[in-house]
Amino acid sequence: MAKRVFLITSHYMGVLYIDELLQAGENIVGVVAWPGDAGFYEGWYVPEEYDVRTKAFQHYLPLYEPHPNKLNSPEFVEIIRSLEPDYIISGYYGKIFKKQILSIPPDGCINIHPTGLPRYRGLSPYFTHMMFGDDRNYITMHWLDPGVDTGDIIAQASVEVRPDDTGFECGHRLTEAGAAMFREYWPLVKEGKAPRIKQDESKASNFNFSWDIAEIDWAKSSTEIWNLVRCLTKPLGGAWTMAGGYKMHVWAVQPVDQPEELAVQGAIPGEILALTGKGMWVQCGQGQLKILDASLDDLPELTPYELLVPLGGKVKTILG
C-alpha cells in the first residue's frame, strides 16, 4: 500500500529521495526545497541536476519553498498537517524540526544524516569524516526525535576516502550510498520492522560547519591542512589564506613526504620555504606541504616575490 510522504530536503540527496520514493510507488504529497536558484549559495555548489525544485517540477510534485527560518511557523505546520502525511522524510536540509512537526505523521519521521552517528551531530557536511582524517565517510538513516540527531539508528553506510578525493567527489559517492541504504531499509520501515538502535552517548560528538574554518591555520599539521583544502576545493568555495596582503584561494596542496629535504632552522608556520616550478613550499605546524594550485582575488600587478612571509598575515612584505 502506498504511503503518503512529505519530503523536506535539498541537494543531490533530495533528488535521489524523490527517485527512490517514486520507484517504490509512494505518494509524495509535498516537497520542501531550499529556496534560491541552483548554483552557488553560501559557498555550496548545486549543479542543475542536483536541484530538488527541478526534480519536483519534472514529476509534477507539490513544491514548497518557505524561508528555512519559517519552516516551524504555525502557518507552515498547518500546511503540512493538512496534507495528512504518513511519514515525514528529511535529509540535507539543515534545520531542526520542532515537536509540532514531529508529531504530525502517525508513522514517524525519518532523517538521513551525512555522518556516522553519534559522531558529528549537527550541521555536518557530507565530507566531515574525510576532513577530520578518517579513511571512510559515513552516512546514517535514523528516526527523528526532539534532539539534534539523537534519534534511534535504522542503518548506516560508508564509502572509502580515496587519496585523490575531493570533498565534492567523495560526498557524491556517499550520497549515492545513502540512497542505496534507504532503498534497502524503506520496506522495513513501512512494515514496522525497521531497527531502532539506541545511540551510544559515550561516542557522541558535535560539529556545526561554518565557512570560517575555510581560512587555513598554518599552525596545524600538513595532513590536517591537506584534508581541509581537498574537502573545500572546486567546485566548492575553497580554503584560503592571505598572501602579499591579498586573499589567496588554495585549491590543491600536497604534503611533503621528506621535509628534511628542505629543513629551515627556525621556520615558523606559514613561512614560504621555496618557490619552485612544482609549487610553493610552505612550513606547517607539523611538516611541510606544497601549494600546487592557488589563485589571488582582485590581484593587481604582483610578482611571485611580493608574497607575505608567513602566509596568513594581513600586511604586505617583500621577500628578500
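Residue indices begin at 1 and follow the sequence shown.
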Check: Would Asp19 and Lys55 pass as an ion pair if we require N to O under 4.0 Å?
Finding: yes

Next item on the list: Would you name the heavy atoms of Tyr138 and Gly116 that are closest together and state the gap between them?
Entry: CB-N, 3.3 Å

Item checked: Backbone of Val189 reached by a side-chain donor or acceptor of Tyr87 within 3.5 Å -> yes

Checklist line | Pairwise side-chain contact, Leu232 with Trp211, heavy-atom cut-off 4.5 Å (strictly under) | finding: yes

Margin query: Looking at Arg162 and Glu169, is any side-chain nitrogen of the basic one under 4.0 Å from a carboxylate oxygen of the acidic one?
Written below: no

Margin query: Between Arg183 and Glu20, does any side-chain N to carboxylate O distance fall below 4.0 Å?
Written below: yes

Margin query: Using the ring centroid of each side chain, check whether Tyr126 and Tyr12 are separated by less than 6.0 Å.
Written below: no

Next item on the list: Look at the aromatic rings of His172 and Phe168 and report parallel, tilted or perpendicular, splitting at 30° and 60°.
Entry: tilted

Item checked: Arg81/Glu78 ion pair, N-O < 4.0 Å -> yes

Next item on the list: Using a 4.5 Å cut-off on heavy atoms from C-beta on, say whether the side chain of Pro114 contacts that of Tyr120.
Entry: no

Margin query: Within the 4.5 Å heavy-atom criterion, are Arg119 and Asp134 side-chain neighbours or not?
Written below: yes

Notebook entry, point to check: Looking only at atom types and distance, does a side-chain atom of Thr140 sit under 3.5 Å from a main-chain N or O of Leu117, one as donor and one as acceptor?
Noted result: yes

